Participant: 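Have a look at this one before I ask anything.
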2 protein chains.
Amino acid sequence: MSELLATYVLTHREDEQIDRKAEQIALGLTVGSWTDLPQLKKEQLKKHKGRVVSVKDQSPANGGLYQSEVTIAYPEANFSADIPAVLTTIFGKLSLDGKVKLVDIEFSERFKRCLPGPVFGIEGIRKKVGVFDRPLLMSIFKGVIGRDMEDLKEQLRLQALGGVDFIKDDEILFESPLAPFEDRIKEGKKILKETYEETGHRTLYAVNLTGRTFDLKDRARKAAELGADALLFNVFAYGLDVMQSLAEDPEIPLPIMAHPAVSGAMTSSPDYGFSHSLLLGKLNRYAGADLSLFPSPYGSVALPKKDAMGIFEACVKEDTVQQTFPVPSAGIHPGMVPILIKDFGLDHVINAGGGIHGHPRGAIGGGKAFRSIIDAVVKKESIEEKASTCQDLQAALDLWGRVAE
Amino acid sequence: MSELLATYVLTHREDEQIDRKAEQIALGLTVGSWTDLPQLKKEQLKKHKGRVVSVKDQSPANGGLYQSEVTIAYPEANFSADIPAVLTTIFGKLSLDGKVKLVDIEFSERFKRCLPGPVFGIEGIRKKVGVFDRPLLMSIFKGVIGRDMEDLKEQLRLQALGGVDFIKDDEILFESPLAPFEDRIKEGKKILKETYEETGHRTLYAVNLTGRTFDLKDRARKAAELGADALLFNVFAYGLDVMQSLAEDPEIPLPIMAHPAVSGAMTSSPDYGFSHSLLLGKLNRYAGADLSLFPSPYGSVALPKKDAMGIFEACVKEDTVQQTFPVPSAGIHPGMVPILIKDFGLDHVINAGGGIHGHPRGAIGGGKAFRSIIDAVVKKESIEEKASTCQDLQAALDLWGRVAE
């Protein structure tokens with residue numbers, strides 16, 4: 001009998017009986033009641049009954065309260081093999097019932113076979129980009145609202161000439177007559193072909209897949225037909241199950257870059273919602289995100305380090321599905337590259353907006369500064385020496401400084 | 001130029017400059033920057049620039065912090081006319097940026113025309129049920145996991161015989177070989193036809209629409225074909241936009257009962273996420289929920305009264321779209337009817353699980369007790385006198401007592 005394990009953190013008063021609460025969850029979210037049932041019913045319902053796996057010692061929390069970690073096993077016979085059914089079972093009613101945070105889900109091997117995981121993953125993305133020995137570099141369009149195609153094309157060209165591997169749409173760029181989705185793909189492709197011919201470096205462009213849910217597959221198929229490189233997707237404005245369907249569709253053979261927009265509403269509270277590692281790491285990965293963006297521990301919109309590292313680990317740890325490329329983001333500048341590589345290793349994507357566009361020599365200088373310091377750190381060269389031979393890096397370090405490792 | 005207004009509550013230190021933060025939001029989530037732009041760009045971008053509408057005086061919050069209410073106007077030219085685009089714009093990155101809670105959205109008249117609102121609404125539901133002068137009564141299957149069709153049919157029959165107007169599936173009942181979706185509709189229909197012939201009272205059954213997102217429309221159309229009465233839908237395990245598409249589909253002419261499962265992850269924190277009234281009230285209503293379930297202020301899983309009343313008001317207040325039937329739920333028993341009617345008036349649905357099934361004379365007695373006390377309160381009769389002529393009501397009051405108004 002296959003089970004799914006859900007782990008919660010309950011925040012509670014010292015005198016609350018957490019063992020009892022755990023039993024109530026295990027029964028209330030499965031067979032409803034137990035002790036009063038006649039023996040025959042018990043036999044029938046046995047394989048549907050939830051059980052308490054563990055209740056871990058409580059630790060003090062804010063406001064004189066305590067936190068306990070509770071793990072419940074749910075028989076998979078109780079729900080269909082889809083994420084909405086899982087979430088409704090293990091965190092439907094329970095999400096409304098006091099201070100409870102869902103921090104982890106352990107899927108059975110059987111359930112995992114129903115989840116696609118990343119179709120490309122780190123390995124597939126690296127093959128597409130043709131870069132295997134360093135973190136990838138991504139840059140973001142800036143100030144896209146109200147700008148026309150000419151403006152976006154010029155931004156794309158400059159970013160690519162700086163040597164970035166990926167360029168992503170801003171997540172708030174939607175379908176607009178100024179720069180329609182299909183035009184962005186077609187025109188973007190032309191520009192990136194030109195820059196490739198000029199520099200020999202290949203840059204991929206992730207176009208923002210937006211609109212009504214039931215139109216997304218058609219739009220994504222059209223994007224694939226037009227030769228798009230990858231899709232940016234605001235998965236938490238839609239739903240994990242929607243992303244899963246995009247990943248599973250053989251007519252949409254495109255990497256999916258999951259953006260964390262709106263997810264803060266579900267992860268930020270210490271007492272409620274989902275843990276960062278579960279939502280932006282594990283669930284994104286199982287549901288098919290090839291890349292997962294999340295706030296880094298250092299930048300302008302920063303996550304506590306343990307949360308950022310938790311997402312990272314959930315993206316890359318050994319599993320039956322491929323790895324999701326972790327993309328710690330927000331406020332990243334070249335002086336952060338040493339600590340990024342120290343914390344996230346070679347298999348992550350360095351993602352910058354202001355740290356590219358705000359460079360004194362513009363986006364080209366920004367890209368070059370990043371590429372230069374990435375090379376130095378990977379080759380364990382002196383950053384000072386590297387900067388002395390690369391004006392763009394020197395200018396970046398002069399402007400933003402270095403973040404201590 | 002049409003604008004959408006978003007109101008946030010920011011929780012912050014006393015010395016934080018909220019005026020400045022508000023300006024950063026208004027620019028950062030629209031045109032990006034302003035003061036440094038050349039005049040020509042300013043002219044071009046003017047109609048895309050967000051603006052601060054108001055910053056309300058801060059009030060003290062927990063932990064020595066303060067809360068301020070900030071309203072920002074976003075030009076609708078910036079996003080497509082769908083809820084994912086709205087949420088990504090106004091609460092995408094911002095949801096990740098410190099203690100900020102989205103408490104209200106004011107849609108423009110133009111944007112509202114893109115949202116369906118309830119297709120049936122309170123008026124349409126009343127017509128279907130044929131009851132116009134009292135709150136409706138709904139009961140919930142109990143202990144459904146692992147039960148077969150015979151069990152569910154018997155539960156349905158007993159609940160209907162008690163005189164309830166609506167019976168809803170448990171939200172954790174998914175597609176299962178024991179009680180398949182289509183069988184539940186077909187068999188349920190037969191049972192409710194029989195009870196109607198027996199009692200003359202019509203009871204509707206809301207079947208749980210579950211499964212993969214991209215299969216939902218087909219399943220819902222099939223439900224309509226089979227003569228289903230209504231759909232229960234775990235909208236927050238999917239997405240508001242998905243519910244909107246169900247509501248808009250002319251081939252799915254069924255009332256939608258929005259269940260709050262998983263929504264607690266987004267509403268429970270005082271500092272993060274969405275306000276209850278926005279998510280379970282206003283957004284549910286605009287996105288097409290004919291009924292919205294939410295925890296009542298009195299029961300086993302209780303909401304603070306102001307939050308429950310906020311949802312209620314958002315469901316029923318005067319607007320261009322129809323009204324959503326408010327369904328305050330969880331732990332409701334007959335002794336709560338006077339306060340329910342005092343707080344929520346005649347236009348709400350009284351929804352009970354344990355308060356029906358846990359009655360000493362079973363679900364029939366439970367239903368009758370509820371119907372009896374509802375009649376007494378509506379007709380302003382003495383509850384004691386009513387109980388003296390209705391054993392079922394007396395038994396319920398003896399068991400659960402009365403909640404003071």
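For clarity, every value in this text was computed on a predicted model and none was experimentally measured. Naming convention: chains lettered A, B, ... in sequence-line order (proteins, then strands); numbering from 1 in each chain.
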Participant: Is chain A contacted by the side chain of Pro295(B), its backbone, both, or neither, given a heavy-atom distance below 4.5 Å?
Facilitator: side chain
Participant: Need one label for Leu178(B): side chain, backbone, both or neither, based on atoms under 4.5 Å from any heavy atom in chain A.
Facilitator: side chain
Participant: Please look at Asp241(A) and chain B and tell me whether the side chain, the backbone, both or neither of the residue comes under 4.5 angstrom of a heavy atom of that chain.
Facilitator: both
Participant: List the steps and the verdict of ring pair (Phe, Tyr, Trp, His ring centres under 6.0 Å) for Phe181(A) and Phe174(A).
Facilitator: CA-CA 8 Å; Phe181(A) 181 70; Phe174(A) 304 101; over 10 Å; no
Participant: With a 4.5 angstrom heavy-atom cut-off, could you sort out which part of Ser245(A) is near chain B: side chain, backbone, both or neither?
Facilitator: both
Participant: I'd like to know if Arg147(B) pairs up with Asp170(B) as an ion pair, taking the criterion as any Lys NZ or Arg NE/NH1/NH2 lying under 4.0 Å from an Asp or Glu carboxylate oxygen.
Facilitator: no
Participant: Using distance alone, with no hydrogens and no angle criterion, decide if Gln44(A) and Lys41(A) have a side-chain donor and acceptor under 3.5 Å apart.
Facilitator: yes
Participant: Between chain B and each of Lys101(A), Lys142(A), Lys93(A), Glu175(A), count heavy-atom pairs under 4.5 Å; write down the option with the most.
Facilitator: Lys93(A)
Participant: Hey, mind stepping through Phe79(B) and Tyr74(B) against ring pair (Phe, Tyr, Trp, His ring centres under 6.0 Å) and telling me if it holds?
Facilitator: CA-CA 9 Å; Phe79(B) 43 84; Tyr74(B) 296 89; 7.4 Å; no
Participant: Name the region of Asp97(B), side chain, backbone, both or neither, that has any atom closer than 4.5 Å to a heavy atom of chain A.
Facilitator: both
Participant: Check each atom of Ser263(B) against the heavy atoms of chain A and say whether the ones under 4.5 Å are side chain, backbone, both or neither.
Facilitator: both
Participant: Using a cut-off of under 4.5 Å for heavy-atom pairs, which of Thr210(A), Val242(A), Leu102(A) has the most such pairs with chain B?
Facilitator: Val242(A)
Participant: When only pairs under 4.5 Å are counted, which of Ala265(A), Gly239(A), Ala261(A) shares the most heavy-atom pairs with chain B?
Facilitator: Ala265(A)
Participant: Quick check on Leu94(A) against chain B: is it the side chain, the backbone, both or neither that has a heavy atom closer than 4.5 Å?
Facilitator: neither
Participant: Need one label for Leu45(A): side chain, backbone, both or neither, based on atoms under 4.5 Å from any heavy atom in chain B.
Facilitator: side chain
Participant: Can you tell me which of Asn78(A), Leu87(A), Val31(A) forms the most heavy-atom pairs within a distance under 4.5 Å of chain B?
Facilitator: Asn78(A)
Participant: Show every salt bridge (charged side-chain N to carboxylate O under 4.0 Å, His left out) that has at least one partner inside residues 78-89 of chain A, sequence neighbours left out.
Facilitator: none
Participant: Between Tyr238(B) and Phe233(B), how do the two ring planes meet: parallel, tilted or perpendicular, split at 30° and 60°?
Facilitator: parallel
Participant: For the pair His276(B) and Phe294(B), evaluate side chain to side chain contact (heavy atoms under 4.5 Å, CB included) and give the outcome as yes or no after the intermediate values.
Facilitator: CA-CA 9 Å; His276(B) 289 90; Phe294(B) 55 91; over 6 Å; no
Participant: Can you tell which part of Asp151(A) gets under 4.5 Å to a heavy atom of chain B, answering side chain, backbone, both or neither?
Facilitator: side chain
